[in-house]
Structures are given as C-alpha cells and as structure tokens.
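Values below: every heavy atom of this structure, side chains too, minus hydrogens, waters and symmetry copies.
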2 protein chains.
Amino acid sequence: MRQDTRLSRLLHVLLHMAQTDAPMTSQHIAEMLGSNAVVVRRIMAGLREGGYVEAERGHGGGWRIIRRTEEITVLDVYRSLGSPDLFAFGFSNPQPSCLVEQSVNATIAESTETATAAILEKFATLRLSQIEAEVQERMSKRTRGRAADLG
Amino acid sequence: MRQDTRLSRLLHVLLHMAQTDAPMTSQHIAEMLGSNAVVVRRIMAGLREGGYVEAERGHGGGWRIIRRTEEITVLDVYRSLGSPDLFAFGFSNPQPSCLVEQSVNATIAESTETATAAILEKFATLRLSQIEAEVQERMSKRTRGRAADLG
DNA sequence: GCCTCATGTGATGTATGAAATTACAAGACT
DNA sequence: AGTCTTGTAATTTCATACATCACATGAGGC
C-alpha cells in the first residue's frame, strides 16, 4: 500500500519556514523535500486557504509563515490537506446487501472511528512549537559544539 | 488513497464459511465477494498457515473453517494477512539526515504507534462469534418473519 | 515597456501496489 | 481417463500519489 506523505512533508516545510523571516520559494522548498515545486505549491494551497501561510509573487517572493508555531497544531495541518483518510484499509463494498458484510463493515468502522478520534485528538494537542523544541533537543544532543545540519 | 480491502473480505468469507459444514470452493467464495478465485486462494493461504481453515482438493473439495468462531479474533485474521500497514500516511523519507525531518517523523511515529497499539488491542478482543451475533441481530431486526438474504 | 522571477493551475506522464486474469502443475474423487 | 479442485508463478489491469509540462497571471528590476 502506497502511503500519503503529504502530512510529513507539510510539517517539515512549515518548520523550516518558521526558522527564517525571508520568503522561501517553492523551488527551494522542493529541493529540501526532494520533491517538485509544483507539488509544493499544490500542498501549500490548503495552508494558504487556512490562513497559516502567505505567498508573494515576483522577485524576492515566495512562501512565508504568518502564524506563530504555538498557534498551529498538527490537526490544523492535517485539515489543510483536506482531512485525507487515516487508515489504509477499508470496506470492499460500502453499501452491501449481504447482512454478514454489513456486520463486518460495522465492526471495522467502529474500530477505525475510535482510533481516528483518538489520533485526531492527539493531533489537536501537538503544536509546531513542540516539534521545534524537539529539534532543539536533537541539535544539542547530537551536534553539540558544531554547526547543525538543518538541510 | 486506495484502500486495502483484504481484512474486510477475509472476515466476510470466514463468517460465511462458519455458517455451513460443507466445503466452499474458491469460485463460490469469489462470487460472494465479487472477486476472483485466485485472489481468494491467495488471501486464504495465510489463514491456512495459521491453522484457521483447511482446503481439500478434487470433487466436493473446497475451504472449511476448522476453528470455532469464538476461537478466532479479528487480530488473528489481520495477522494472517501478514500484518499490513494500518495507516494511510507515512514518512516521505525513512532515514532523514535533516534534524527537522527527524523530529517530524518521531512526532508522527509516536502518534501512529499509540493508535496502532490501541486498534490492535481492540482487534484482539473482537471475536468472529461477536460479529456472528450482530448478524443475528440485524436479521431479526430487518427481516423478521421472512427468509434472510445471506448472499 | 519589457524582461525575469515568482505563484496558480490545468493537463499529462510515471511509478507503485492491490486486484484481476491467465496459465499450468498437482491432488482427489467418479 | 476425465473432471473438479487447490496452489502458484507470471502477467495484465487499474487506481492514484507524485512528478512533469505548459502556460497564464502578478510583481519587481532594468
């Protein structure tokens, strides 16, 4: 099953954007992610609509974060992606006439709904600032005394 | 994101198999699932190796469940599939050198690991017999007094 | 004004993996 | 022997996340 990596990419981008005041171009972000400028623009569109980032065109333009990292949760970022499916498994048939299949679906749905609620609740408590703090921890642990690799 | 429907299919099959003593052919099962006999054999192989079902060849052959539905949990079935990924999202880069990306991955991993543990625990408590009981409920609620559609 | 740099977005191409199909070997009953 | 079944490898199909291409639009710099 191929996985959706947009949440991971978006968080990565936002944290880098929070480290600088200068706008970052889609091209620059794409190189950081090992991705493509057009893909970056597309996944940033949701964040722009959510009011978390701004884009400026022309010379010296690019993307800039316009909220403090304390004000952005992982849930906000997830919702900016359009709240994609969290689970990799689903029903073979969403509207089965077979009663057995209906019960199987109901059983699976109950499990996934419980787990979805739990993980979204977790996402709601996770702020970008907390991830930033963890980056600082990693930096002081692993590269104490020399320039850190933030690429 | 395309979803993995094998768990749903397997549970569906097993419950139908539990309703009869006669062996069910892969072809018959495939028609029930709207699938293909070869696909059925493939997903049943894990259950056979787990000791939950048996296959007999030749005339009158087919698949038969060899454990009581009280003795099979959803977790058993999930494991028979090879414990596939539960989550539809993942890391863009599993071994990043970028410290920011490492922290993002760690944050996401913590959330998914917690949720995975919770849902597997739930699967471990769910027995096929409980789904069977729910089928009975649906039958008495929806088709009281006439033959039920178990196709 | 014109050129360059940037975003915005529709259209198309590529890669991946689940599912479906094809093909054939082997076992079991009639 | 002939038919029905499972067991599997090989191949094709199909959905879709991601990449790329093409071009319009907006914002400096000259």
Side-chain angles (χ1 to χ4, degrees), chain A residues 1-10 12-13 17 22-49 53-66 81-94, chain B residues 1-10 12-13 17 22-49 52-66 78 81-94:
Chain A
M1 174 70 52
R2 185 162 197 198
Q3 295 189 310
D4 185 339
T5 62
R6 290 176 298 164
L7 182 62
S8 153
R9 284 163 190 262
L10 255 186
H12 186 187
V13 167
M17 282 172 58
M24 293 176 65
T25 66
S26 302
Q27 185 60 42
H28 181 190
I29 294 170
E31 280 159 14
M32 281 192 323
L33 296 185
S35 178
N36 182 281
V38 177
V39 174
V40 169
R41 287 188 199 115
R42 251 188 265 282
I43 67 176
M44 294 296 277
L47 285 179
R48 186 186 54 224
E49 284 156 21
V53 300
E54 256 175 14
E56 283 167 34
R57 306 202 219 198
H59 278 283
W63 298 92
R64 215 163 25 195
I65 195 167
I66 57 174
L81 284 169
S83 303
D85 270 346
L86 291 177
F87 285 98
F89 61 97
F91 313 143
S92 52
N93 180 355
Chain B
M1 174 68 51
R2 185 163 197 199
Q3 296 190 309
D4 186 340
T5 61
R6 289 175 297 166
L7 181 63
S8 153
R9 284 162 191 261
L10 254 189
H12 186 186
V13 167
M17 283 173 57
M24 292 176 65
T25 67
S26 302
Q27 185 60 42
H28 180 190
I29 293 170
E31 280 160 14
M32 282 194 320
L33 296 184
S35 179
N36 182 281
V38 177
V39 174
V40 169
R41 286 187 200 117
R42 242 188 276 284
I43 66 177
M44 295 297 278
L47 285 178
R48 184 186 56 223
E49 283 155 23
Y52 303 109
V53 300
E54 256 175 13
E56 283 169 32
R57 306 201 219 199
H59 277 283
W63 297 92
R64 213 162 30 192
I65 194 166
I66 56 175
Y78 168 74
L81 283 170
S83 303
D85 270 346
L86 290 177
F87 285 97
F89 61 95
F91 312 142
S92 52
N93 179 354

key: Heavy-atom check, side chain of B/Leu86 versus side chain of A/Phe89, under 4.5 Å   =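 Side-chain contact under 4.5 Å: yes.
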ask   = Do B/Met44 and B/Ser26 have side-chain heavy atoms sitting under 4.5 Å apart?
value =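 Sidechains of B/Ser26 and B/Met44: no contact.
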Spacing between [X] atom [atom1] and [N] atom [atom2], to the nearest angstrom:
{"X": "A/Phe87", "N": "C/dA18", "atom1": "CZ", "atom2": "P", "answer": "18 Å"}
{"X": "A/Ile43", "N": "C/dT9", "atom1": "CD1", "atom2": "C1'", "answer": "15 Å"}
{"X": "B/Asp4", "N": "D/dA15", "atom1": "CG", "atom2": "C1'", "answer": "14 Å"}
{"X": "B/Asn36", "N": "C/dA23", "atom1": "CG", "atom2": "P", "answer": "13 Å"}
{"X": "A/Met44", "N": "C/dA6", "atom1": "CE", "atom2": "C1'", "answer": "14 Å"}
{"X": "A/Asp85", "N": "C/dA18", "atom1": "CG", "atom2": "P", "answer": "16 Å"}

inquiry  = Counting primed atoms plus P, OP1 and OP2 as sugar-phosphate and everything else as base, spell out the protein contacts along nucleotides 2-9 of chain D at 4.0 Å heavy-atom distance: B, S or - for each nucleotide, 5' to 3'.
reply    = -BBBBBBB
ask   = Has the side chain of A/Thr5 got a donor or acceptor atom that lies under 3.5 Å from a matching backbone atom of A/Ser8?
value =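 No.
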ask   = OP1 or OP2 of C/dA18 less than 4.0 angstrom from a side-chain nitrogen or oxygen of B/Thr5, does that happen here?
value =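 For C/dA18, neither OP1 nor OP2 has a side-chain N or O of B/Thr5 closer than 4.0 Å.
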request  = State which residues pass salt bridge (charged side-chain N to carboxylate O under 4.0 Å, His left out) with B/Arg41; sequence neighbours excluded, sorted by chain then number.
outcome  =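 Partners of B/Arg41 by the salt bridge (charged side-chain N to carboxylate O under 4.0 Å, His left out) criterion come out as none, since no residue qualifies.
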message = Among residues at least two apart in sequence or on other chains, which ones pass salt bridge (charged side-chain N to carboxylate O under 4.0 Å, His left out) with B/Arg42?
response =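 Result, salt bridge (charged side-chain N to carboxylate O under 4.0 Å, His left out) vs B/Arg42: none returned.
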Residue among B/Val53, B/Ile43, B/Val40 satisfying side-chain contact (heavy atoms from CB on, under 4.5 Å) with B/Leu10 =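 Testing B/Leu10 for a side-chain contact (heavy atoms from CB on, under 4.5 Å) against B/Val53, B/Ile43, B/Val40 leaves exactly one candidate, B/Ile43.
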query = With a non-hydrogen cut-off below 4.0 angstrom, is B/Gly34 in contact with a base, only sugar-phosphate, or nothing?
reply =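 Sugar-phosphate, backbone atoms only, no base.
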